[in-house]
**Student:** 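I am attaching a structure below and will ask some questions about it afterwards.
Throughout, a chain's letter reflects where its sequence line sits, starting with A, and its residues are numbered from 1.
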Amino acid sequence: MATPFRSSNADSDVLLNKAKTTPAGGARLFKRIGAHTALLIMAAIVLLPFIWMLMTSLKDPTEIFDTPFSLRFDWEKGVENYIGAFNAVPMITFMINGTVVVLGILMVQLVTSIGAAYALAKIEFRGKSILFAFVVFALCIPVQVPALPLYLGLANLGLLNTYFALMFPWFLSAFAIFLFRQFFKSFPDEIISAARLDGFTEFEIVTRLVLPSAKPAIAAFSIFSITAHWNDLYWPLIVINTVDYMTPPLGMMYFRDAEAGTNYGMLMAAAAIITTPLLLMFLFAQRQFIQGITMTGFK
Amino acid sequence: MIDSTISLSKIVKKFDATPVLRNVDLNIESGEFLTLVGPSGCGKSTLLRIIAGLEMQDTGSVFIGGRSVDHLRPKQRDVAMVFQSYALYPHMTVAENITMPLLMQRMSFAQRFPVMGRWVPGSQHIQKNIRKEVETVAEHLHIEKLLERKPGQLSGGQRQRVALGRAMVRRPLAFLMDEPLSNLDARLRVKMRTELAELHQRLGTTFIYVTHDQVEAMTMSKRIAVMMDGEIVQLGTPDEVYNDPQDIRVAQFIGSPPINILPGEVNSAGNLSLFGVECRYRINGSNQKNVKIGVRPEDLQISEFKVGLIERGGLRGWLRRLENLGNEYIAHIDMDCDDGHWQIAVRFPPEELNGIGQPGAAVNIFLNEAKIFVFSETGDRLSGEAMLQSAVEKAS
């Protein structure tokens with residue numbers, strides 16, 4: 001990890017040196033500082049709630065409202081808050097539930113959407129454009145619209161308060177189909193032709209050739225999906241009412257309603273705990289994620 | 001000898017309402033090197049893809065090795081294809097790229113299943129044999145040192161060889177090549193041209209080669225099929241296509257610099273005249289009045305302008321530009337007449353340069369009537385014959 005940082009420093013040194021030597025260098029340096037200042041301010045605005053959360057979690061309850069932005073931390077109280085968050089509610093259970101649901105949804109979404117997207121991108125068949133239009137149309141339907149029939153259906157089947165109920169509505173993702181279809185479109189047709197001549201089955205074309213190229217898109221979608229479903233409160237609230245199946249956000253609500261309702265330090269500690277996995281995941285997949293969004297997979 | 005003839009019978013293909021191929025018939029002999037040549041959009045690539053089974057014809061049939069393959073999927077047709085972009089599998093090494101066709105051909109779906117396939121009975125043995133064959137092919141193409149690299153790390157010429165290796169390794173009945181050299185630089189293209197021709201000689205397999213480059217077509221193939229607007233307008237040896245074009249489009253497409261097309265007139269007796277000067281050429285049994293005369297740049301003779309030569313059948317033009325190619329010169333000549341302005345090219349050896357070279361200077365052009373082609377207004381070749389001695393011989 002050390003090398004890239006060092007080299008980027010070296011690069012900026014070179015730029016600064018250049019800026020000093022060229023006549024217009026001063027103006028360029030000024031511009032550069034201005035741009036970075038603007039970016040830093042915007043980053044600060046975005047980060048503020050997050051930093052506030054961390055600060056609150058490390059404070060004594062009395063300080064939270066008196067001096068919310070003071071940098072006076074009570075580390076002992078902080079540790080107490082974090083331990084308390086684990087003890088007051090079954091935090092581990094929430095995290096496990098969240099992981100199971102999020103990964104379950106992602107697996108099924110990938111399987112269904114990659115197949116559909118490949119067909120829409122690379123196979124000629126009658127009604128293809130209509131089907132694709134349906135996918136785009138499905139993108140426009142808010143999740144609340146099918147909630148009631150889904151709830152009634154699950155209730156009638158006696159499936160409320162199960163992992164399946166938490167995952168089922170998300171198994172098919174129009175967004176994933178759309179994203180992968182756009183990505184697969186840019187996969188060279190000649191390679192697919194060559195593979196067909198060599199005797200690949202369509203399944204093998206997808207798994208052996210197209211998917212390795214689509215890693216950035218898969219990473220990007222995975223992050224979208226995991227974040228959305230890890231943070232989702234709306235659907236778990238509808239289908240879950242036992243602690244055993246609560247996902248982290250629902251658990252947070254339960255937390256607030258129960259004993260720790262006024263203990264904001266502990267509440268924020270809990271919030272920090274459930275955000276951490278997402279942060280770590282993003283840090284690891286950052287490069288792939290950005291590549292996937294900017295769609296520069298080929299050439 | 002394995003029968004690797006390929007015949008096409010009445011192939012029609014439309015994309016939506018636009019016809020791409022109109023009734024194409026073609027018979028390719030076993031072991032022949034046939035080139036499909038034509039301008040872009042003439043349907044030659046589509047025809048190749050139909051032979052490969054990547055595209056389905058609307059009507060008509062394809063026969064490979066004497067049997068109809070219309071109902072067969074691409075891999076069952078036993079043909080290999082080399083693509084313009086090489087179409088190597090980007091995430092696999094060179095060795096894996098060349099291995100794939102054999103793997104797919106010889107191993108069952110279960111045997112070639114990643115990781116798990118290793119424990120399916122028989123797979124280890126097949127793998128070992130395949131590895132040997134891949135190494136042989138790699139040596140053949142001098143790419144044995146590149147086997148562990150990925151396509152992204154190879155130069156254009158190396159990728160080309162890998163693509164050839166992948167096609168060769170399963171010993172197909174026929175090779176289909178879709179503009180395989182057009183992504184290479186000029187020097188490498190000439191080299192690969194020779195190598196491909198040698199490869200064909202060594203393998204003795206049927207090659208169908210698609211190109212828009214008439215030089216590739218002329219130099220490599222046994223026969224050329226010139227395609228225009230979804231039809232084969234002429235099929236013949238390079239010699240026939242060049243020296244006996246049956247259609248004005250063929251004459252214009254083959255040859256560089258392109259053939260000169262000049263306006264001609266035919267009188268009631270069938271005698272041809274060019275720019276009002278009567279030629280020693282008679283058209284057989286045609287009632288055409290206005291015709292087009294095609295004459296190759298090397299079949300014109302150029303000399304310094306002398307008044308006396310006009311009487312002997314020379315035409316007058318003005319030199320616009322002279323190109324020195326080392327072994328030959330190409331003169332671009334402006335000609336003005338009642339019908340308008342014409343530009344023609346003349347190719348001649350350095351020995352005949354004497355005195356020509358000043359742009360804007362007047363020159364005499366002589367036509368070799370024995371070498372001209374006369375086409376009707378619609379572009380069909382008209383038969384005719386040169387009479388007496390040609391003007392060129394007279395002048396010299």
**Student:** Please flag which part of Q76(B) lies under 4.5 Å from any non-hydrogen atom of chain A: side chain, backbone, both or neither.
**Tutor:** neither

**Student:** Kindly say whether S85(B) contributes a backbone atom to a donor-acceptor pair with the side chain of E190(A) at under 3.5 angstrom?
**Tutor:** yes

**Student:** Around atom CZ of F284(A), are there more than 12 heavy atoms of other residues, nucleotides or ligands at under 6.0 Å?
**Tutor:** no

**Student:** Quick check for you: to the nearest 0.5 Å, what is the distance between I192(A) atom CD1 and Y89(B) atom OH?
**Tutor:** 10.5 Å

**Student:** Output the distance between atom CG (L197(A)) and atom CE (M81(B)), rounded to the nearest 0.5 Å.
**Tutor:** 6.5 Å

**Student:** Please classify the contact between L103(B) and chain A as side chain, backbone, both or neither, with a heavy-atom cut-off of under 4.5 Å.
**Tutor:** side chain

**Student:** Give me the one residue out of K75(B), R112(B), M104(B) that meets side-chain contact (heavy atoms from CB on, under 4.5 Å) with F200(A).
**Tutor:** M104(B)

**Student:** Measure E124(A) against the heavy atoms of chain B and call it side chain, backbone, both or neither at under 4.5 Å.
**Tutor:** neither

**Student:** Taking only heavy atoms into account, what residues of residues 147-161 of chain B are found under 4.5 Å from chain A?
**Tutor:** none

**Student:** Answer with side chain, backbone, both or neither: which region of V79(B) has an atom nearer than 4.5 Å to a non-hydrogen atom of chain A?
**Tutor:** both

**Student:** Among Q105(B), R170(B), R77(B), which residue has the highest count of heavy-atom pairs closer than 4.5 Å to chain A?
**Tutor:** R170(B)

**Student:** Output the residues of residues 40-74 of chain B for which the shortest heavy-atom distance to chain A is under 4.5 Å, in residue-number order; output 'none' if no such residue exists.
**Tutor:** R49(B), A52(B), L54(B), P74(B)

